[in-house]
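Reading through the structure tokens given below for one structure.
Bear in mind the structure is a predicted one, so any value in this text is a computation, not a measurement. Indexing begins at 1, ligand by ligand and atom by atom, following the structure's order. In this chain, numbering begins with 1 at the start of the sequence shown.
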Amino acid sequence: MELKFWGVRGSIPTPAPENLGYGGNTTCLEIRLKSGAVVVIDGGTGARGLGLDLLRRAAGQSVELEVLMTHFHWDHIQGIPFFAPLYSPANRVRFHTTRAAEEVRNILEGQMTHPYFPVSFQLLGAKREFHTLASQQSEKVGELQVTPFPLNHPQGASGYRLEADGKVIVHACDHEHGDPELDRTIREFAAGADILVYDAQFTPEEYEAKRGWGHSTWAEGVAVAREAGVKQLVLSHHDPSHTDAFLRDVLRAAQAEFAGARMATEGETLEP
Ligand SMILES: [Zn+2]
Ligand SMILES: [Zn+2]
């Protein structure tokens, strides 16, 4: 399988020249399996580019997608109204979360109601389905084996352990370290991962003033990666105030501690 980053920024898009090396769009990842099947993580503003690319690659054929949602803060849903595959009746998009289906439908409809958006969610042409995953239980989503697990984040968020083609990718954003039980859980589900995408919004120095905001640091990411035997640690959910130059320094510090550390970069594809 392949993992492509369409959005790596946390909180709000940052389309400023000094940020575009690592990228300005908010969270959206694409997992492409050997068969060509696609599973998406989150619908931040990066979803717009992904949607256009999916239609281009489909070349007129219908598109079937599985979308795993971590939670519903703006930086994870604002690309959904601009996700082109949703506008064609030939397509089918299935949203997976650990929340009740009806609640998720209401949340996604809610951001497109009057006066926030001109087209209502109900008028989108694609078949939309909502499926509830049981937390900490493994289930097949399309061809991908998916296990959601709880993260420490205001109003809750889900991490995902994803397995296919003999490889493991773990996504753990948005998450704040410090809750002993959830710190144990994240290590358990990240165990032996080929790739761990981790919430490194703050530096350890910045974190002291940001306790309770629901985000972690590169140093915690390194600790999790070491203790869980992770091969590649991908630092993501970049803070809006962190420029490319700043993130390059963060990466150098992280790589000095953990050689397999890298920065999530918009447009980049990784193979586990
Ligand atoms: Zn976020
Ligand atoms: Zn969040």
Side-chain angles (χ1 to χ4, degrees), residues 3-16 19 22-31 40-50 67-83 95-99 103-104 106-108 110-111 116 133 135 148-160 162 169-179 182-183 185-186 189-190 196-203 206-207 209-218 220-221 224 233-243 246-247 250 263-266:
L3 174 64
K4 182 166 181 178
F5 294 92
W6 290 90
V8 297
R9 192 65 54 174
S11 308
I12 191 166
T14 59
N19 295 332
Y22 288 111
N25 279 303
T26 60
T27 304
C28 180
L29 299 85
E30 175 190 9
I31 291 158
V40 178
I41 299 178
D42 280 348
T45 61
R48 181 179 172 275
L50 168 60
V67 181
L68 303 171
M69 298 296 300
T70 62
H71 65 311
F72 298 94
H73 287 158
W74 278 341
D75 51 324
H76 300 258
I77 63 169
Q78 279 185 323
I80 290 175
F82 302 91
F83 190 60
F95 293 94
H96 304 266
T97 71
T98 53
R99 296 207 192 197
E103 186 189 0
V104 174
N106 288 337
I107 292 168
L108 295 181
Q111 76 160 340
Y116 305 114
L133 297 159
S135 189
F149 58 92
L151 299 173
N152 184 30
H153 195 62
Q155 299 153 358
S158 296
Y160 288 103
L162 311 169
I169 295 173
V170 175
H171 186 266
C173 304
D174 300 15
H175 172 70
E176 179 170 355
H177 58 281
D179 178 301
L182 294 179
D183 285 352
T185 303
I186 198 169
F189 286 95
L196 167 65
V197 183
Y198 188 80
D199 183 335
Q201 176 145 355
F202 304 129
T203 64
E206 290 168 332
Y207 174 71
K210 304 284 171 75
R211 277 179 193 275
W213 289 35
H215 301 289
S216 192
T217 68
W218 66 262
E220 277 297 320
V224 173
L233 168 66
V234 184
L235 305 170
S236 193
H237 209 274
H238 308 315
D239 191 84
S241 71
H242 289 175
T243 62
F246 188 95
L247 289 174
V250 170
M263 273 302 159
T265 304
E266 191 174 315

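- Here D174 meets the criterion, with an N, O or S atom under 2.8 Å of the Zn ion (ligand 2).
- Counting just the N/O/S atoms of H73, the one with the shortest distance to the Zn ion (ligand 2) is named ND1.
- By the 4.5 Å heavy-atom criterion applied to side chains, Y198 and L233 are counted as neighbours.
- F202 and K210 get closest at one heavy-atom pair: CE1-CB, 3.5 Å.
- For residue H237, an N/O/S atom approaches the Zn ion (ligand 1) to within less than 2.8 Å.
- Inclusion of H153 in the first shell of the Zn ion (ligand 2) is supported: an N, O or S atom falls under 2.8 Å.
- Counting heavy atoms from C-beta on, the side chains of V8 and T265 never come closer than 4.5 Å.
- Put simply, the side chain of T14 never gets that close to the backbone of P240: no donor and acceptor are under 3.5 Å apart.
- Vertex the Zn ion (ligand 1); arms to H76 atom NE2 and D75 atom OD2; angle 90° (nearest 10°).
- In this structure, the side chains of R9 and S11 stay at 4.5 Å or more apart for every pair of heavy atoms.
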